[in-house]
Amino acid sequence: GSEAASEQGQEEEAEDRLKEHVDNLLDKSAKTRQAALQSLRLALSSKTLSEFLLERRLMLTDSLEKCLKKGKGEEQALAGTVLTLLCLQMGSGPEGEEVFCSLKPLLVSALTDSTASPSARQSCATALGMCCYIAAADLE
């Protein structure tokens, strides 16, 4: 019994940290946003968080949109990576498609922006390709 209780406590702690990272995506400081994106990248690439993400996908999508629009270089690159991982976690259902469709124009914009850093453009190109493969319902 105590093992299950400690495991549940760890789950809740991890979820609280994830919530904090999602909140930090809207911080005024670019360093704070980048740290939050790096933490989310690590969390999304190491554990399945479908239920947590389903509940927060609109807020997360909105935050990633701001990072892609207003961020520069490293922040845009990290946002593209986090978006790819988010799409992987959401899967090919309507939720994944919704996330992809809302951010697709920003990915295309960043990809075609010749003033954007090469790492940001590369990350957005990868995100566009992966998300399109996973979540685009429209075959074109």
Side-chain angles (χ1 to χ4, degrees):
S2 67
E3 234 178 76
S6 92
E7 195 174 299
Q8 186 177 2
Q10 288 175 338
E11 285 282 322
E12 288 172 7
E13 232 177 83
E15 224 174 81
D16 287 343
R17 281 194 307 272
L18 281 171
K19 287 176 190 172
E20 192 178 314
H21 298 318
V22 171
D23 289 342
N24 285 344
L25 290 177
L26 298 173
D27 199 89
K28 286 187 195 287
S29 162
K31 279 187 177 177
T32 303
R33 290 192 309 270
Q34 284 181 16
L37 286 165
Q38 287 171 332
S39 298
L40 284 169
R41 180 187 68 195
L42 186 64
L44 293 174
S45 61
S46 61
K47 191 172 182 187
T48 302
L49 301 163
S50 307
E51 206 169 294
F52 175 86
L53 295 171
L54 272 175
E55 294 170 11
R56 292 164 186 79
R57 75 180 183 281
L58 296 176
M59 182 182 178
L60 200 49
T61 303
D62 201 39
S63 300
L64 288 173
E65 179 180 328
K66 286 177 177 63
C67 290
L68 285 168
K69 269 186 186 174
K70 295 183 167 91
K72 300 284 178 235
E74 180 68 15
E75 184 177 348
Q76 286 179 315
L78 284 166
T81 302
V82 170
L83 173 58
T84 302
L85 293 167
L86 179 62
C87 263
L88 279 168
Q89 294 243 359
M90 292 281 101
S92 60
E95 295 87 3
E97 186 182 356
E98 179 185 340
V99 168
F100 172 62
C101 287
S102 65
L103 292 176
K104 180 183 169 192
L106 287 173
L107 291 172
V108 171
S109 172
L111 181 61
T112 57
D113 179 2
S114 60
T115 63
S117 78
S119 65
R121 293 176 74 185
Q122 181 266 328
S123 179
C124 288
T126 301
L128 188 62
M130 287 294 291
C131 294
C132 189
Y133 180 73
I134 295 164
D138 182 9
L139 293 177
E140 286 185 41

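Predicted model, so just to flag it, every value in this text is computed and none were measured.
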Closest contact, heavy atoms only, [X] versus [Y]:
{"X": "Ala116", "Y": "Gln76", "result": "CB-OE1, 4.3 Å"}
{"X": "Ser102", "Y": "Pro105", "result": "O-CD, 3.9 Å"}
{"X": "Leu37", "Y": "Cys67", "result": "CD1-SG, 4.1 Å"}

Task: side-chain hydrogen bond (donor to acceptor under 3.5 Å, both in side chains) partners of residues 30-41, not counting sequence neighbours, each pair once - done: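 Sorted result for residues 30-41: Ser29-Thr32, Arg33-Glu75.
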Rounded to the nearest 0.5 Å, what's the gap from [atom1] on [X] to [atom2] on [Y]? Could you check?
{"X": "Asp27", "Y": "His21", "atom1": "CG", "atom2": "NE2", "answer": "13.0 Å"}
{"X": "Leu54", "Y": "Glu95", "atom1": "CG", "atom2": "CD", "answer": "5.0 Å"}
{"X": "Cys124", "Y": "Asp113", "atom1": "SG", "atom2": "CG", "answer": "9.5 Å"}
{"X": "Ile134", "Y": "Phe100", "atom1": "CD1", "atom2": "CZ", "answer": "10.0 Å"}

Task: Same cluster (ILVMFWY, side-chain, under 4.5 Å), Leu58 and Leu106 - done: no
Task: Verify same cluster id: Phe52, Leu42 (apolar side-chain graph, 4.5 Å) - done: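 Looking at the clustering, Leu42 is in a separate group from Phe52.
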With the threshold set at 4.0 Å, does a side-chain nitrogen-carboxylate oxygen contact exist between [X] and [Y]?
{"X": "Arg57", "Y": "Glu98", "answer": "yes"}
{"X": "Glu55", "Y": "Lys19", "answer": "no"}
{"X": "Asp62", "Y": "Lys66", "answer": "yes"}

Open item on the list: For the backbone of Ala135 and the side chain of Glu97, can you confirm whether one donor and one acceptor N or O come within less than 3.5 Å of each other?
Closed with: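 No: the side chain of Glu97 does not pair with the backbone of Ala135.
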- [ ] Output yes when a side-chain donor or acceptor of Gln89 lies under 3.5 Å from a complementary backbone atom of Leu49, and no otherwise.
- [x]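 Between the backbone of Leu49 and the side chain of Gln89 there is a qualifying donor-acceptor contact (under 3.5 Å).
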Open item on the list: Could you tell me if the side chain of Leu64 sits less than 4.5 Å from the side chain of Val99, heavy atoms only?
Closed with: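 Side-chain contact under 4.5 Å: no.
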Open item on the list: Testing the 3.5 Å rule here: is there a donor-acceptor pair between the side chains of Ser117 and Ser119?
Closed with: yes
Open item on the list: Hydrogens and angles aside, do Gln122 and Thr126 bring a side-chain donor and acceptor to less than 3.5 Å of each other?
Closed with: yes
Report all side-chain donor-acceptor pairs from residues 79-86 shorter than 3.5 Å, counting only partners two or more places apart or in another chain.
from, atom 1, to, atom 2, distance (Å)
Thr81, OG1, Ala77, O, 3.1
Thr81, OG1, Ser123, OG, 3.4
Thr84, OG1, Gly80, O, 3.0

